[in-house]
Structures are given as C-alpha cells and as structure tokens.
Amino acid sequence: MDIRQEVEALNEELVSLRRDFHQHPELGFDEVRTSQKVEDYLRECGFQPKRVTPTGVVAALSGSGSGPSLILRADMDALPVLEQNDVPYCSLEPGRMHACGHDGHTAMLLVAAKVLSRHRHEFNGRVVFVFQPNEENSGALPMIEAGLLADYPSDAALGMHLWPALPTGQIGLSSGAVMAGLIQFKIEIRGKGGHTGYPQQAVDPVLCAADLIQSLQMIQTREISALEPTILVIGKINGGTASNIIPDTVTLEGTARYLHEDRRNAERNLRERMERIIAGVCATHRAEYEFIVLGSSPVLVNDPLLVDVVRPAAQDVVGGEHNLVRILTPVGEDFSEFSSRIPAVFLFLGCGNEAVGACYPHHHPRFNIDEAALKLGVELYIRAALKHLG
Ligand SMILES: [Zn+2]
Ligand SMILES: [Zn+2]
C-alpha cells in the first residue's frame, strides 16, 4: 500500500480524533485531557511518550540506521472564544473553542506518527514528535527550557498550520521570513486622581495615554524602514470610573510585530524604541509608568536548504509545483522558537472551502476547516520526514 492509500484508510479515525479535540477545547497550559489522549494514542501505537512539561508530550521513533533527527511539531491549545458554528461536533465548553485549528494539527500529527511507525525500516535517524501546549502565548519556550532540544538533539524541525485563506489542495511554502516576530506588552500609566474641575491638582493618565498611543506610531512611520514591516497596535485600554473623575491609572495592552530576518536585534531594538517613547511621553505628563512584556517570540524563518528538501514532498501531496504558493503573514507563531535554534520549515496547509463553511479567519467564532485537508497534512508530515531521513 502506498502512503496515500494508507492515510486514506485512516481518514475516519483522523476526522473523529479532530472532532473529539474540537468538542473538548482546553486553553493554553491547561491541555490536561488533550495531552492525556495524545499520550494514550501514542502508547497504543507502540511509542513510549514522555512529558517534558506538565502538558507537553514528546515521543521518539528511531529508524533502521543512524542518521539525523527531525522534529515534527503540533500545537494543542484552544482559545477563549464562544463557538458560533452549527455543526454536530461543536465545542462542549461554553466560551472555549478550537478557533485556530490546533485540534486538526494534533490529530494530523498523531495519525502521521502511527503511519510512520509502520515505516521505520524505510528511514535512518529519528523522528521526534512534539505536542506543544499554549502556542497562543509562548508555550514552546518552556518545553525548550525544560530540555526538549537537549534530551532530543535534533538537526531540523517541521511544523505546519491549517490555513483557510488557501483552498484545500494548496500549500504555502517559501524560504526566509514567513511569520512575524511578536511582542505582547502592557503599559501601566500612573498619574494622580482628582476632580475633573481641578485638573491642575491631578496628573491625568487618560491624556497621557492618548498622547502615548499616538506617539508610539512614530516607530513604524518614522524610525523603521518601510521595507522592514513593523506593526504596533494598542488593542486594549482600561481606566476611569466616571465622567467627572480623573483616574489614578490607565492600562494599555497591545502587540508589536515585525517581519524581517534580523533575528538577534529586531526585538531588542523595538523594545528600546518603545521604552524611550513611553518614558519621554510619561515624563512630559508628569506620570510614572511600568512597561511589561507579557510574552514574545522571534520571526519565523524558513531554512532555504530544508525548504528544498521538503518541496518535492509537498509537490507529491498536492500534485505539482503550481499548487505551492508563497505565504507571508504578520501573524506571530512560536514555532519560531525552534526556527531560531535549528534549521526549520513551517508550511501553510490550505483548508479553505466555502461550500463547507471553511471561509472565516483564524480566531473567528465561526472559524472552521475543510476536513478533507487533514489527510493531506498527514501525508505531508510523512512524506517530508521520509524525504529528509530517507
Ligand atoms: Zn491562533
Ligand atoms: Zn494557531
């Protein structure tokens, strides 16, 4: 039986795994049921899975001879979204939803592990299956810090994301920077509360916040080349209790994203620029501040040599070069914690299909995937691993 037929024979199992994860979404670092199910499935396939972090699962599969080691990675976390889809496998947890497709990623990698375990005599070296918690908020780093790459030394890593902006049957694959570096931050502006009739006796953090939101935009329009895309957006403002009271504090939260390959300095430079402007504006308003980085991940950069290895595998899956496209997105993805340490490739698996309602963007309450894409993802994991280790 060839790989395609073998995956096809497991399609029902693949879809029911995905639907089971979809019905039981768990937020980042709380993937208790999911990680248990992953571990049980791997054990049934003959693996000896290990926990690297409380919900981070790893299993290794050795081939017939010595050779390189390849990480295949999937993420398992869901989002705090109230699902609005009308499907029989809707989320059973109100306010939690797999709105980013990680249910599909987990199911695809499990079935890929099962199939690859039957083909271990066809490759040398080792495949390391990594099931990662909390992709939405920097969950890769704790696994790496807990010794993932030290305990399972690897030469390369491969990850993928279900991508409804591409139709089923297309794959996004290209070299260089493909997903943005991301800084999630919070700024607390501390003024001095008072009566809005006597603003001179207070220090108004609302006015300071308004000034700061404007001034921070200078970074992208006046300090960084337009050829080095940078996006700085405040998504949340919190402060004040009544129209006639000047509050003590205002809190801002936002994201800064950058999409250029300068991995070492881009984040540091951006943080320094932000802090300089925050300090200057707050000093102007006589306010104090605290600048807190809630999480960050570097730019996701695809290694050109590894892209060349994976390209023929991707062509085999989707029937030729014409179905491979270039994707470049300001969305962040913490697979970059792997790509900044070892050669890595991240692919975008088309799963868009309006006929089945798979036409909403990631994180939307009606996000869904065309499940026909799942088996293509499994095949992609398998063929890429066999190409790299074969
Ligand atoms: Zn997401
Ligand atoms: Zn995602």
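We count ligands from 1, going down the list as the structure has it; atoms in each ligand are counted the same way.
At a threshold of 4.0 Å, the pair E371-R18 counts as salt-bridged, since one of the basic side-chain nitrogens sits closer than that to a carboxylate oxygen. Classification of E379 and R4 as a salt-bridged pair holds, one side-chain N sitting under 4.0 Å from a carboxylate O. Between E44 and K114 no salt bridge is recorded (no basic side-chain N to carboxylate O distance below 4.0 Å).
Residues meeting the side chain to side chain donor-acceptor pair (under 3.5 Å) test with E8, sequence neighbours left out: K375. For D370, the side chain to side chain donor-acceptor pair (under 3.5 Å) criterion is met by T168, N353, not counting sequence neighbours. For Y360, the ring pair (Phe, Tyr, Trp, His ring centres under 6.0 Å) test picks out H364, with sequence neighbours left out.
Of all the N, O or S atoms in H363, the one closest to the Zn ion (ligand 1) is NE2.
Counting only protein N, O or S atoms, the number found under 2.8 Å from the Zn ion (ligand 2) is 3.
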